[in-house]
Amino acid sequence: MPVMNVVQAVRQAMHEEMKRDPRVIILGEDIGKRGGVFLATEGFLEEFGEGRVIDAPLAEAAIAGIAVGAAMNGLRPIAEIEFTDFIWPTVNQLVGEAPRIRYGTNGALTVPMVVRAPYGGGVRGGLYHSQSAEAFFAHTPGLKVVCPATPYDAKGLLKAAIRDDDPVMFFEHKRTYRLVRGEVPEDEYVIPIGQAEVKRKGEHITLVTYGLMLHYSLEAANTLAQEGKSVEVVDLRTVRPLDKETILASVTKTGRVLIVHEDNKTGGIGAEVAAIIAEEAFQYLDAPIMRLCGPDVPAMPFAPTLEAEFMPSPQKIAAALKKLAAY
Amino acid sequence: MPVMNVVQAVRQAMHEEMKRDPRVIILGEDIGKRGGVFLATEGFLEEFGEGRVIDAPLAEAAIAGIAVGAAMNGLRPIAEIEFTDFIWPTVNQLVGEAPRIRYGTNGALTVPMVVRAPYGGGVRGGLYHSQSAEAFFAHTPGLKVVCPATPYDAKGLLKAAIRDDDPVMFFEHKRTYRLVRGEVPEDEYVIPIGQAEVKRKGEHITLVTYGLMLHYSLEAANTLAQEGKSVEVVDLRTVRPLDKETILASVTKTGRVLIVHEDNKTGGIGAEVAAIIAEEAFQYLDAPIMRLCGPDVPAMPFAPTLEAEFMPSPQKIAAALKKLAAY
Amino acid sequence: MTNCNSVRGMGLATKSKPGIAAVTASENRHNLLGLTAERLLDIYQRMVLSRTLDQRVWQLNRQGKAAIVASAQGHEAAQVGSALALDKDRDLFFTYYRSMAVCVALGVTPTEVLLTFMAKVGEPFSGARQFPLHGAYMQHRIINVSNVVAAHLTKADGAALAFKTRQEFGVVIAYFGDGASSEGECHEAMNFAGVHRLPIIFFCENNRYAISVPLDKQMAIQDVAIRAQGYGFPGVVVDGSDLLAVMEATGNAAARARAGEGPTLIEAKVERFMPHTSDDDDRRYRSKAELEEMRGKADPLGKLRSYLLEQGILTPEMDKAYLAKALAEVNEATDFAEKAPYPDTSTFYDHLHSPGTRGV
Amino acid sequence: MTNCNSVRGMGLATKSKPGIAAVTASENRHNLLGLTAERLLDIYQRMVLSRTLDQRVWQLNRQGKAAIVASAQGHEAAQVGSALALDKDRDLFFTYYRSMAVCVALGVTPTEVLLTFMAKVGEPFSGARQFPLHGAYMQHRIINVSNVVAAHLTKADGAALAFKTRQEFGVVIAYFGDGASSEGECHEAMNFAGVHRLPIIFFCENNRYAISVPLDKQMAIQDVAIRAQGYGFPGVVVDGSDLLAVMEATGNAAARARAGEGPTLIEAKVERFMPHTSDDDDRRYRSKAELEEMRGKADPLGKLRSYLLEQGILTPEMDKAYLAKALAEVNEATDFAEKAPYPDTSTFYDHLHSPGTRGV
Ligand SMILES: Cc1ncc(C[n+]2csc(CCOP(=O)(O)OP(=O)(O)O)c2C)c(N)n1
Ligand SMILES: Cc1ncc(C[n+]2csc(CCOP(=O)(O)OP(=O)(O)O)c2C)c(N)n1
Ligand SMILES: [Mg+2]
Ligand SMILES: [Mg+2]
């Protein structure tokens, strides 16, 4: 099987879908000649032409709103937001409008569109090239929110997102783009939105995570294994809708939960996961539900020392797991 | 003591602060001659003049951004967003910018501003005059988010917000504006941001809530009292920062928790409250942490039948309390 | 073709496109536009119907039967004229909350209109989930998905882009007020439309107020139309109380759009006869004198009526009959709508997601 | 005063304000602006220093010592000229990521600049929490709180409003690129500034690219300045590689603002000599020929040097000495910055909230 990194998998997914379906168009900043700042659309302009690969003016609200309108009128747009830190101007369209259209028109109109946005830190991005935004969108009924961690998942989920008849937010962790490599089958496949995956089986502790933190969590699980504690690592993959069944099945088995994410702790995805468990698997719990998350500061500082202070690491995760195991 | 409703209390707080501090200005749509669509600024234009009471063009991002800039340069602006449903264009300034300025300038600049926004449903507002947005802002480090429920709290907290040196989001439930009346002392007082209040003492169940739902919860607690169950009702008042001490003290005592809010359930304030309890008071819990919240549909429909289906009511709350008591 | 029409203020002289605002009443005006007397009478009746219906919803509101009304009274010529200058079978109409007359012009029936105002079963826009006339009525190609001012303009771009991508010859018209022109998304939408020469008409109904905020607190210019220069397409000012002027301007813009020449910004100067909505009290911010003068001066119905009478197309008797007919229709619709039930709560979770979505 | 200057394209002829772009090289140009030879040499040296420093940060970036660089090379005359036409003690400078030459002009030292690029202790803008030159350096009245394009423009309005409210005579200048002009907030900021006649200068450094997106994909017009007409204040196009032209235009705008006459939009036509940032590869979207031609044609340093030589103000020897001095300063700064430590993690939670805040 071919081995590739996450950004290559993302590119391949879009490429295949654009070839498959002429309704798919892409719009965003620098996606044309430049091929995207991360080269996710390299060569697309030449292959698919200016009509389908649209270098947009620097106006995120418009990128989102135009995608919504095009989706309402029969296209399947992929809107690229250059960095998640610049996604805030789209909130009017992506929280206020798109997710309410199917419901608010009683099904007369649908909004089959995808918003791709590179997010996350550990890349010396400072306060404004490191932010996470998935929790904001995950609070919004009518939206689907995907945060893949591996090339395989990125490709299969992005294809599902493009084929979905609802708006899908697709957050790609920038640090996984080139760092994380993996096998991606040549044969066509699609991964359903809304399914978590147990990335490592275990008995003693359930670790729920997604995105870059999956990789750090797997490392930490290895550390724990050396100490005789087996950690089950659940990769949410989709953070809305959450796959309650998979989460609860694991917790029911282990009775202990650590939730790990890079996004700020308060009101993050971990809060909802914890609340679901505390509501629906209470009787199986042997220990408090723990969260290890990005601290509550406004994204991570630029200086390497301060950035490291922000980022959850395999070491910090392993320490939290040990604490939980010892409870 | 004078008795007044919530919008009168809000008006009085602003009035007193504008008289006290010449740096306080207000800007927003229709706040001038019109006195605001809810009359919260009635008479202000005449009293304080056009320089301090600014009828803004219909542009929420600017209302927010101008307030941020004015705050950075020595004023203490109150920005009014006419309805919370129209707050989304401000997110770039209020999530992306304002909360990061103190931290991102290493304390060189501060942003002492308040954003007031009427929110919530049960007023036949349909999908676009009923929304709640507090959870979005409460996920943002650097912001303070206040949701008062009574005239007394509204006045004391708004005065604190205006005097605060950080950006404060101040959400006023529209249905409480004229419905909820209460005593408001004539003497000056301020309620610190970040303090919850036990609005009713009880032994068996802790009910955590805020906003309009406080009143419905107190009604439901009365119902339960008739059946011999005493419910302690905690009014969060501030949803960021959360008053952990008050929440945990109550839960430690009762061992049972119901969280009630009108906002959509998934990823709402209730998720964070549940997560905190599940992490920090696990050993005191006798039952699953329950949430009764607005359902996960995109705000409430216009038709009265469908609106009622959305809104938590005293009856629905009482039913949930009974279920929890019986666990 | 020059890109700058009807620029007023800014130290430059007022200019009107020949044939539009500059045309004075003459027996040839409608013929010049290719409109027959019959067609004109039909249009007039739609305006009468819209006005009658509009007055009725205010009554229903005052009786507590309609929760809220935003009125098209004073805007009828702008709305009906622009809508009927387009192709109802292939164009798309992005309306806003004040667009009742657009809806009536396009064929939404009085019963349907009143069902939306009463939030009753059979309401064709949103299943009674939204404010009156909000949602989408695709049979009439009307889209009005939210109350958020100006949030439809980028969507209208997107819809126009889809037409262009598929090489269909549909035109999109997006209706909005003077207030909406202050929103950032309005700028972004016009800029993108200019760059991509989208088949779109930005139709601004400038009634000089955003709720209570008067024009001089909204912008430091007289005419929104001047902004079109900053986007590289024509901006046209038209007397929005003059049906024929509006039809000509819109027809020209549509032809331009269909020919691939790109967008037009049409600014129709109109008056808002009623308070902003039934929740508003305009006496707080408009003087009695202003209100009276405005109603007298710029009544689009009165103007068209005079024209039709002058031209001998309409007689006072016909006019009375039209009004009676409209009233009868509206009465019947009222009875029907009053009796209709509210939607059943079983519909509450319908159309939340595409079928097959796992979870919420 | 007319509100519409230097409008080009749109079928209208190019117009320049007398005394600005229209002035040709003559021995009187700087005297006409009230600038002495000494002052001009001082300004020239600041430009030399900025260029030298800019080149150094690229080297440091390529050595892995500076994480990212956005270059002011090509923009120096626009930046230095505009900054020095204002009052550094009472005006406010809202810069953006490309504003290194503004900072140097205002007196930020090479050491301070390099500390920001290396994220070291002593960095005066953000405590090394932000990208280079981001944050605020209030001693020099420089504010650049985020990387979000155009998000500072409404804040600049707010700061200007505060000046106006307190009846101080401060002027705010807000720097931004052609790309930023497409953002909705740019429109909202200009519109509000026009309505309230704020003491503000919108200073657009138009280098024809937003990263890789060329002007014709950003807007259907030639000059951003034309948009000022839609906001009721003057728009001025100026040759941004011509220091004196920039100083005059900015001086005029500042005088206007200080006199309570409101905003001006200045569009400085410049060239971006380097890739967008050190993370960019401009060969992907600009031809070699374009890059070479541009560098030869529009070098602000070269132009000022020629003028000074022509005028006999500068000699080649002096010029060499200036460059050597700049290099020495930059070398010293480099040594210092390289040796400086990274911030201690104990600073991580500082300045999160006002003192006394309960919880987070
Ligand atoms: C984004 C947004 N902000 C505020 C409102 C509240 N509001 C509803 S209509 C209106 C005024 C709109 O004025 P204009 O665009 O001129 O349209 P008109 O009502 O005059 O036809 C306002 C402020 C809203 N619906 N959406
Ligand atoms: C809101 C936002 N969107 C996107 C970006 C990514 N980005 C950084 S600079 C830039 C181009 C800006 O171009 P321009 O305004 O012309 O300034 P220039 O770099 O040419 O000086 C883009 C798209 C950003 N920083 N902020
Ligand atoms: Mg209006
Ligand atoms: Mg540029």
Side-chain angles (χ1 to χ4, degrees), chain A residues 22-23 25 27 50-52 54-75 77 79 89 92-93 96-113 141-144 164-166 192-195 238 240-245, chain C residues 92 94 123-130 134-139 143-146 148 150-168 170 172 174 183-185 187-193 195-196 198 343 347 349-360:
Chain A
R23 297 171 304 172
I25 64 162
L27 83 169
E50 290 205 334
R52 293 181 67 198
I54 302 173
D55 251 337
L58 211 174
E60 287 77 12
I63 290 171
I66 289 162
V68 174
M72 282 164 39
N73 195 14
L75 299 185
N92 192 37
Q93 290 293 336
E97 301 282 313
R100 300 178 215 264
I101 288 175
R102 181 187 282 271
Y103 193 71
T105 64
N106 207 23
L109 291 173
T110 60
V111 184
M113 68 181 275
L143 279 185
K144 295 168 182 172
D164 202 285
D165 288 332
D166 294 321
I193 291 173
Q195 284 185 2
T238 299
R240 184 182 188 111
L242 282 169
D243 181 353
K244 281 193 192 187
E245 290 70 32
Chain C
L92 274 175
F94 280 74
E123 188 274 356
F125 283 81
S126 74
R129 287 167 174 175
Q130 294 230 48
H134 286 69
Y137 196 173
M138 292 314 290
Q139 187 188 315
I143 297 178
N144 181 24
V145 295
S146 93
V148 184
H152 58 318
L153 301 176
T154 54
K155 296 191 195 76
D157 268 10
L161 181 69
F163 279 149
K164 197 182 163 200
T165 305
R166 287 194 299 267
Q167 297 180 302
E168 290 172 19
V172 172
E183 285 281 1
E185 290 199 24
H187 166 69
E188 297 189 10
M190 290 191 188
N191 186 44
F192 188 91
V195 171
H196 290 274
L198 296 182
T347 65
Y349 283 104
D350 293 349
H351 303 297
L352 204 54
H353 284 296
S354 48
T357 296
R358 304 162 51 94
V360 282

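A note on names: the letters A, B, ... follow the listed sequences, proteins ahead of strands, and every chain is numbered from 1.
Between A:A70 and C:A162, the closest heavy-atom pair is O-CB, 4.2 Å. Across every non-hydrogen atom of C:P355 and A:R102, the tightest pair is CD-NH1, 4.4 Å. Heavy-atom minimum distance, C:G135 versus A:T105: C-CG2, 3.8 Å.
Looking at A:I193, the atoms closer than 4.5 Å to chain C (heavy atoms on both sides) all sit in the backbone: N, CA, C or O. In this structure, chain C has no heavy atom under 4.5 Å from any part of A:E50. With a threshold of 4.5 angstrom between heavy atoms, A:K244 does not approach chain C through any atom at all. Of the atoms belonging to C:L92, it is side-chain heavy atoms, and not backbone ones, that fall under 4.5 Å from chain A. Neither the backbone nor the side chain of C:A156 has a heavy atom closer than 4.5 Å to any heavy atom of chain A. Interface residue C:F94: only side-chain heavy atoms are found under 4.5 Å from chain A. Looking at C:N144, neither its backbone nor its side chain comes within 4.5 Å of chain A, counting heavy atoms on both sides. Contact annotation for A:A67: neither backbone nor side-chain heavy atoms come within less than 4.5 Å of a heavy atom of chain C. With a 4.5 Å cut-off on non-hydrogen atoms, C:H196 touches chain A through its side chain but not through its backbone.
In terms of non-hydrogen atom pairs under 4.5 Å with chain C, the most contact-rich of A:K144, A:E245, A:R52 is A:K144. With chain A as the partner, the residue from C:D350, C:T347, C:N191, C:V148 showing the most heavy-atom pairs under 4.5 Å is C:V148. Here A:G104 is the residue among A:G104, A:G194, A:P57, A:G142 with the most heavy-atom pairs under 4.5 Å with chain C. The greatest number of non-hydrogen atom pairs below 4.5 Å with chain C, out of A:E97, A:R100, A:R23, is found for A:E97. Counting heavy-atom pairs under 4.5 Å between each of A:P89, A:A61, A:A108 and chain C puts A:A61 at the top.
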A:V68 vs C:V145, side-chain contact (heavy atoms from CB on, under 4.5 Å): CA-CA, chis, key distance, verdict = CA-CA 11 Å; A:V68 174; C:V145 295; over 6 Å; no
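Looking only at side-chain heavy atoms (C-beta outward), C:V172 and A:N73 stay at 4.5 Å or farther from each other. In this structure the side chain of C:R166 reaches within 4.5 angstrom of the side chain of A:L75, judged on heavy atoms.
Separation of atoms CG (A:L109) and CD1 (C:I143) is listed at 5.0 Å; rounding is to 0.5 Å. For the atom pair OG1 of C:T154 and CG of A:N92, the computed distance is 8.0 Å after rounding to the nearest 0.5 Å. Distance check, rounded to the nearest 0.5 Å: CD1 of A:I66 to CD of C:E185 gives 9.5 Å.
C:S354 pairs in a side chain to side chain donor-acceptor pair (under 3.5 Å) with only one of the listed residues (A:T110, A:D165, A:D166), which is A:D166.
A distance-only check finds a donor-acceptor pair linking the side chain of C:R129 to the backbone of A:Y103 [under 3.5 Å].
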